[in-house]
Amino acid sequence: MATVAPRELNIAWTIFLHQFFQEVAEVFELPGMPDFMRREDVCRTYREITGYEPRNMEFYEMYAALRHGVIMARVWQRRVHFGEQPMPEDPDDLVLHRAALERMLDGSYWRP
């Protein structure tokens, strides 16, 4: 999913995807790597290496989550089509990280 775009798009994609899999690990009661790929650390390291300070990261992380949501919804629609799972009553439930997107929208995703 790397692309030619503002740097923040690729940085946020990496940060978000790690957080997505961290949350999957936690659902399965596995520790995951919660201190890995934290936004503050990634942006600091990026700044130290390149001299560029990533900006508007909440926007770009939300955009990454939206892009991932579109992909996941399509994957799950295929599963429904091939009879691997029933269609949920609420189509928004096709997005596995719907709760994270909702927390992003209300701002609580970024608060401890």
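Sequential numbering from 1 along the given sequence is applied to the chain's residues.
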Legend entry - Derivation of the side-chain contact (heavy atoms from CB on, under 4.5 Å) call for R39 and E58: CA-CA 10 Å; R39 181 189 338 150; E58 286 184 8; 3.4 Å; yes
Within this structure, what is the [atom1]-[atom2] distance for the pair [X] and [Y], rounded to the nearest 0.5 Å?
| X | Y | atom1 | atom2 | result |
| --- | --- | --- | --- | --- |
| R79 | Q85 | CZ | CD | 5.0 Å |
| E61 | Y109 | CD | OH | 6.0 Å |
| L96 | W76 | CG | CH2 | 5.5 Å |
| W110 | M62 | CH2 | CE | 4.0 Å |
| L94 | R74 | CG | CZ | 10.5 Å |

Check: [Y] and [X] side chains under 4.5 Å, non-hydrogen atoms:
| X | Y | result |
| --- | --- | --- |
| Q19 | M37 | no |
| M33 | F21 | no |
| Y46 | E53 | no |
| H18 | Q22 | yes |

Legend entry - All salt bridge (Lys or Arg N to Asp or Glu O under 4.0 Å) counterparts of D106, not counting sequence neighbours: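 D106 satisfies salt bridge (Lys or Arg N to Asp or Glu O under 4.0 Å) with no residue once adjacent residues are dropped.
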Please tabulate, one pair per line, all N/O donor-acceptor pairs under 3.5 Å involving side-chain atoms of residues 1-16, not counting sequence neighbours.
{"from": "E8", "atom 1": "OE2", "to": "Y52", "atom 2": "OH", "distance (Å)": "2.6"}
{"from": "E8", "atom 1": "OE2", "to": "R55", "atom 2": "N", "distance (Å)": "3.0"}
{"from": "N10", "atom 1": "OD1", "to": "T3", "atom 2": "N", "distance (Å)": "3.0"}
{"from": "N10", "atom 1": "ND2", "to": "T3", "atom 2": "O", "distance (Å)": "2.9"}
{"from": "T14", "atom 1": "OG1", "to": "N10", "atom 2": "O", "distance (Å)": "3.1"}

Would [X] end up clustered with [Y] when hydrophobic side chains under 4.5 Å apart are linked, directly or stepwise?
| X | Y | answer |
| --- | --- | --- |
| I71 | M87 | yes |
| V70 | V80 | no |
| I49 | M57 | no |
| M104 | L17 | yes |

Inset, instruction - Determine the interplanar angle of the H68 and H97 rings, folded into 0 to 90°, and report it as parallel if under 30°, tilted if 30 to 60°, perpendicular if over 60°. - result: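 Plane angle between 30° and 60°, so tilted.
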At their closest point, which heavy atom of [X] faces which heavy atom of [Y], and how far apart are they?
| X | Y | result |
| --- | --- | --- |
| V95 | A73 | CG2-CB, 4.2 Å |
| P31 | P34 | O-CD, 3.5 Å |
| A25 | G32 | CB-CA, 4.0 Å |

Legend entry - salt_bridge(E23, R98) N-O dist < 4.0 Å: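 A salt bridge is absent here (no side-chain N lies under 4.0 Å from a carboxylate O).
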